[in-house]
Q: 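Please see the structure below; I have some questions.
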Amino acid sequence: MRRVRLQRDLPVPMPDGVTLLADHYAPAGGERAPVVLMRSPYGRRGLFGWVYGRGFARQGFHVVIQSCRGGFGSGGLLDPLGDEHEDGLATVAWLREQPWYGGSFAMFGPSYLGYTQWAVAPYAGSELKAMALQITASQFRDAAYVGGAFALESALSWTTLTDGMSRRFGGSTSVLTAPRLTRRAVLSGRPVAELDLVSAGRPLPFYRDLLTHHADPAVPYWDKRDFSARVGEVEAAVTMLGGWYDVFLPWQLKDYAALRAAGKRPYLTIGPWYHIDTRHGRPTMTEASAWFRAHLLGDRSLLRPDPVRIYVTGAGEWRDHPDWPVPGMREQRWHLQHGAGLGVEGPLEAEPDRFRYHPSHPTPSIGGPVLLGDSRPRDQRRLEQRRDVLVYSSAALESDVEMIGPVRAELFVRSSAPSTDVVVRVCDVHPDGRSMNVCEGVRRLHGARADGSPDGVHRVEVDLWPMAHRFSRGHRIRVHVAAGAYPTIARNHGTGDLLGAGGTMAPADVEVFHSPDHPSAVVLPLCAPHA
């Protein structure tokens, strides 16, 4: 194993006069070699430095770990997502001037560190040879507004986290305190626009920006913060790692699809992980090391033959495939049925099911993807007892059924309120009665009283998280339909007022139709049984 030399606090000048700090890990001898660049808002030392800085340097790479603007000694103020393009390209220009730069580089990192890669990758030129991205995406807008509904818990916990890290003695303890402070805030009863005052004790600019600049891609605020349109132009070889319960997975898979549409051959690994799950640390390092050796050093001996590797939950098995979605997958419609049934047969004529959603007592969430929490599946039986949750269950399965691919719902809904959220969840019901969530999604429905249809019934499409799951023989497939998942998403006041406004709340009387004219269904990705 090679020895490592460390240079701390190297100044990296930005065009506007701000100086960012970086640590440089180099193999002993300091010879010219390829570089691995990491740009982080979470500091340069601790886990990042020890595992990744020293780890990659011991393999013969120079490693530069830089603190993003406004944190851990770097100058300026952190404007989340806003400066990473310009600062990243300036850092690449500085890198090329270093005497130890070997003429090529790679980029590495999870979450925000992955976003900083996408911010420069389409513009970095041919010297950027490889990228290793984990639990991340080329834009965070859609994860902040899932289906048009504000992802309250994730947005508030991240802004509380970064605020805590910016304070003296905040550091890594903020990872532990931010979820607790967020939970206290969302249970406080304060309007959503004031929750940062509870969690952080002061206004948090980025949190308030998210409230102000809604999910519409045309809003100018997002122009310099969304790099999804340029993903297909990236020349570097890309490997991605994600988790079935990660908040960014749907948009990470869109980035994968964009690369495939451009004729590229990215690698993709999806495991049974959530965002801050420590279990994906080892495969992250293993796969990135193999990728960098292949594309920076020409050693392809550690690459697997098939580019896609997924973990099938319920089966407990890893599978390798040539692509995503996996070949052979076909869509299968599971219709909501009269009497709380669920089946592949078309629905019979029946009256709609009804429930009332009270925004003053919002339907809670139990589990589901959040940024700083444990998002592993949880038993949903307590939630299923609520009167504001409709539950549809299949008969016990006569054989194993494997569903691997995208998931969506097509529902016919009518609401008494001007604005209503439609939440759909798929669960695996075990023979002992446990109802474990597999995936979910939400769509915010506007103009619920006047959509142009004579009866006011909306056809609502809801994109759920994708799945790779085996529903075993004797289990049942279950679907929830609700109008809230608090605090994963902010409560919908029902009035159609701007996000963040307090004041009046309007209960919603919601009807869900399941008839030949209105065949509500969840569309699941059926795969042939694995041999």
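We number each residue from 1, following the sequence as shown.
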Q: Using the ring pair (Phe, Tyr, Trp, His ring centres under 6.0 Å) rule, pick out the option among Y112, Y115, F140 that qualifies with F248.
A: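 Only one option passes, and that is F140.
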Q: Where is the tightest heavy-atom contact between L128 and A121, given as atom of each residue plus distance?
A: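 Scanning both residues completely, I find the closest heavy atoms to be CD2-CA, 3.8 Å.
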Q: Distance check, rounded to the nearest 0.5 Å: C439 atom SG versus H469 atom NE2?
A: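 Separation between the atoms: 9.5 Å.
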Q: Got H480 and C427 here, is their nearest side-chain heavy-atom distance under 4.5 Å?
A: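 When only atoms from C-beta onward are counted, C427 and H480 do touch, with a gap below 4.5 Å.
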Q: What I want to check is whether the side chains of S74 and S67 have a donor and an acceptor closer together than 3.5 Å.
A: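 Note: S74 and S67 side chains miss the donor-acceptor criterion.
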Q: Is there a donor-acceptor pair under 3.5 Å between the side chain of R54 and the backbone N or O of G49?
A: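 Answer holds: no.
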Q: Could R44 and D9 be called an ion pair, given the rule that one side-chain N must be under 4.0 Å from one carboxylate O?
A: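 Here R44 pairs with D9 in a salt bridge, since their nearest N and O are under 4.0 Å apart.
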Q: What's the spacing between M38 CE and T116 OG1 if we round to 0.5 Å?
A: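 Between M38 CE and T116 OG1, I get 9.0 Å after rounding to 0.5 Å.
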Q: Any chance CZ of R279 has more than 12 other-residue heavy atoms, nucleotides or ligands included, within less than 6.0 Å?
A: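 Above 12, so yes.
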Q: Can you confirm whether or not the ring centre of W273 sits under 6.0 Å from the ring centre of Y245?
A: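 Between W273 and Y245, the centre distance exceeds or equals 6.0 Å.
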Q: Can N437 and R378 be said to form a side-chain contact (heavy atoms from CB on, under 4.5 Å), step by step?
A: CA-CA 6 Å; N437 57 304; R378 287 175 166 78; 4.2 Å; yes
Q: Check this for me: L187, atom CG, are more than 12 non-hydrogen atoms of other residues, nucleotides or ligands nearer than 6.0 Å?
A: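 Yes, CG of L187 has more than 12 neighbouring heavy atoms, counting only those of other groups under 6.0 Å.
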Q: Only one of S375, S111, S154 forms a side-chain contact (heavy atoms from CB on, under 4.5 Å) with H275, so which one is it?
A: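 Testing H275 for a side-chain contact (heavy atoms from CB on, under 4.5 Å) against S375, S111, S154 leaves exactly one candidate, S111.
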Q: Taking the six-membered ring of Y221, is the NZ or CZ of R225 close enough (under 6.0 Å from the centre) and on axis enough (within 45°)?
A: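 Verdict for Y221: a cation-pi partner in R225.
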Q: Does any N or O in the side chain of Q117 come within less than 3.5 Å of the main-chain N or O of V120, such that one atom is a donor and the other an acceptor?
A: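 Answer holds: no.
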Q: Kindly indicate, with the supporting measurements, whether the criterion side-chain contact (heavy atoms from CB on, under 4.5 Å) is fulfilled by V423 and T363.
A: CA-CA 10 Å; V423 176; T363 312; over 6 Å; no
Q: If you measure from CZ on R45 to OG on S40, what distance do you get to the nearest 0.5 Å?
A: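 Taking CZ in R45 and OG in S40, the distance rounds to 12.0 Å.
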Q: With side chains defined as the heavy atoms from C-beta onward, is the minimum distance between L390 and F355 less than 4.5 Å?
A: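 Side-chain contact under 4.5 Å: yes.
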Q: Does the pair E235 and K264 meet the rule for a salt bridge (Lys or Arg N to Asp or Glu O under 4.0 Å), with working shown?
A: CA-CA 9 Å; E235 299 178 25; K264 312 297 172 57; over 6 Å; no
Q: For A132, does its backbone N or O pair with a side-chain atom of Q134 as donor and acceptor, under 3.5 Å?
A: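 Yes; judged by distance alone, with no hydrogens or angles, the pair exists.
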Q: Show the nearest heavy-atom pair for residues V64 and V35, with the distance to one decimal.
A: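 Residues V64 and V35, closest heavy atoms: CG2-CG1, 4.2 Å.
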Q: Quick one, S520 and E410 - any side-chain contact, counting heavy atoms below 4.5 Å?
A: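 They are not in side-chain contact.
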Q: Just checking, is any N or O donor in the side chain of S157 or T182 under 3.5 Å from an acceptor N or O on the other one?
A: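 The answer is no; no qualifying pair exists.
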Q: Regarding E287 and T269, do their side chains bring together a donor and an acceptor under 3.5 Å, going by distance alone?
A: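 There is such a pair (donor and acceptor under 3.5 Å, judged by atom type) between the side chains of E287 and T269.
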Q: Is a salt bridge present between K224 and E86, judged by a nitrogen-to-oxygen distance below 4.0 Å?
A: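 Judged by the 4.0 Å cut-off on N to carboxylate O distance, K224 and E86 do not form a salt bridge.
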Q: I want to know whether F61 and Y25 have ring centres closer than 6.0 Å.
A: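 F61 vs Y25: aromatic centres not under 6.0 Å.
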Q: Salt bridge or not for D163 and R202, using N-O below 4.0 Å?
A: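 Counted as a salt bridge, because a side-chain N and a carboxylate O are separated by less than 4.0 Å.
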Q: So, the side chain of T504 versus the backbone of T495: is there a donor-acceptor pair under 3.5 Å, distance only?
A: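 Checking the backbone N and O of T495 against the side chain of T504, no donor-acceptor pair under 3.5 Å is found.
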Q: How long is the span from the CE atom in M131 to the OG1 atom in T136, to the nearest 0.5 Å?
A: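 Separation between the atoms: 9.0 Å.
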Q: Could you tell me whether the side chain of W291 reaches within less than 4.5 Å of the side chain of F108, counting heavy atoms only?
A: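 Contact flag for F108/W291 side chains = no.
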Q: Show, in sequence, the C-alpha distance, side-chain angles and deciding distance for V522 and V424, and conclude whether the side-chain contact (heavy atoms from CB on, under 4.5 Å) test is met.
A: CA-CA 9 Å; V522 172; V424 182; 4.1 Å; yes
Q: Looking at every heavy atom in both L259 and V231, which two are closest together, and how far apart are they?
A: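 Shortest heavy-atom contact: CD2-O, 3.4 Å.
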Q: Which heavy atom in G456 sits nearest to a heavy atom in R414, and how many Å separate them?
A: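 Residues G456 and R414, closest heavy atoms: O-CG, 3.5 Å.
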Q: Do the side chain of H85 and the main chain of A119 share a donor and acceptor less than 3.5 angstrom apart?
A: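 Checking the backbone N and O of A119 against the side chain of H85, a donor-acceptor pair under 3.5 Å is found.
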Q: Before we go on, tell me: are the rings of W118 and W251 under 6.0 Å apart, centre to centre?
A: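 No - the distance between ring centres of W118 and W251 does not fall below the 6.0 Å cut-off.
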Q: So does K254 have more than 12 non-hydrogen atoms from other groups sitting under 6.0 Å from NZ?
A: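 Counting other residues, nucleotides and ligands, NZ of K254 stays at 12 neighbours or fewer.
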Q: Test of understanding: with salt bridge (Lys or Arg N to Asp or Glu O under 4.0 Å), list the residues that count as partners of D246, not counting sequence neighbours.
A: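 Expected list: none.
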Q: State, to 0.1 Å, how close F72 and P41 come at their nearest heavy-atom pair, and which atoms those are.
A: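 Result for this residue pair: CE1-O, 3.4 Å.
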Q: Looking at R408 and D463, does any basic side-chain N land under 4.0 Å from a carboxylate oxygen?
A: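 No, R408 and D463 are not salt-bridged.
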Q: Between R386 and E384, does at least one N-O distance fall below 4.0 Å, as a salt bridge requires?
A: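 So R386 does not pair with E384 through a salt bridge.
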Q: Y486 ring centre to R491 NZ or CZ under 6.0 Å, with the angle to the axis within 45°?
A: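 Yes, R491 and Y486 form such a contact.
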Q: What I want to find out is whether R443 reaches E461 closely enough, with some N-O distance under 4.0 Å, to be called a salt bridge.
A: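 Judged by the 4.0 Å cut-off on N to carboxylate O distance, R443 and E461 do not form a salt bridge.
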Q: Would you please indicate if the ring centroids of Y274 and W244 are separated by under 6.0 Å?
A: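 For Y274 and W244, the ring centres are not under 6.0 Å apart.
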Q: Could you check whether any side-chain heavy atom of R260 comes within less than 4.5 Å of a side-chain heavy atom of W324, counting everything from C-beta outward?
A: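 No, side chains not in contact.
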Q: Measure across L211 and A193 and return the closest heavy-atom pair with its distance rounded to 0.1 Å.
A: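 Answer, listing the atom of L211 first, then A193: CD1-CA, 3.6 Å.
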Q: Working to the nearest 0.5 Å, report the span between CH2 of W94 and CG of L20.
A: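 Rounded to the nearest 0.5 Å, the CH2-CG separation comes to 10.5 Å.
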Q: Taking D509 for its side chain and R356 for its backbone only, find out whether a donor-acceptor pair lies under 3.5 Å.
A: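 Flag not set: sc D509 to bb R356 has no pair under 3.5 Å.
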Q: Salt-bridge test for D196 and R208: reply yes if a basic N is under 4.0 Å from a carboxylate O, no otherwise.
A: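 Yes, this pair counts.
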Q: Between the side chains of T91 and Q66, does any donor sit under 3.5 Å from an acceptor?
A: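 Yes, a side-chain donor-acceptor pair sits under 3.5 Å.
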Q: Is any side-chain heavy atom of M14 closer than 4.5 Å to one of R69?
A: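 Yes. Closest side-chain heavy atoms under 4.5 Å.
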Q: Are the side chains of Y357 and P507 in contact, using a 4.5 Å heavy-atom criterion?
A: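 Result no, sub-4.5 Å side-chain heavy-atom pair not found.
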Q: Please identify each residue that fulfils salt bridge (Lys or Arg N to Asp or Glu O under 4.0 Å) with R8, with sequence neighbours left out.
A: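 Scan of R8 (salt bridge (Lys or Arg N to Asp or Glu O under 4.0 Å), adjacent residues dropped) gives D23.
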Q: For Y207 and W158, what are the C-alpha separation, side-chain angles and deciding distance, and is it a ring-ring contact (aromatic ring centres under 6.0 Å, His included)?
A: CA-CA 9 Å; Y207 177 76; W158 190 82; over 10 Å; no
Q: With rounding to the nearest 0.5 Å, note down the distance linking OG in S365 to CD in E440.
A: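 One finds 7.5 Å between OG of S365 and CD of E440.
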Q: After noting the C-alpha distance and the side-chain angles of L95 and V12, does the key distance pass the side-chain contact (heavy atoms from CB on, under 4.5 Å) rule?
A: CA-CA 9 Å; L95 198 65; V12 183; over 6 Å; no
Q: Could you label the plane-to-plane angle of the Y52 and F56 rings as parallel, tilted or perpendicular, counting under 30° as parallel and over 60° as perpendicular?
A: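 Ring orientation of Y52 relative to F56: parallel.
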Q: For a 4.5 angstrom cut-off between non-hydrogen side-chain atoms, does L161 reach L372?
A: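 SC-SC contact between L161 and L372 confirmed.
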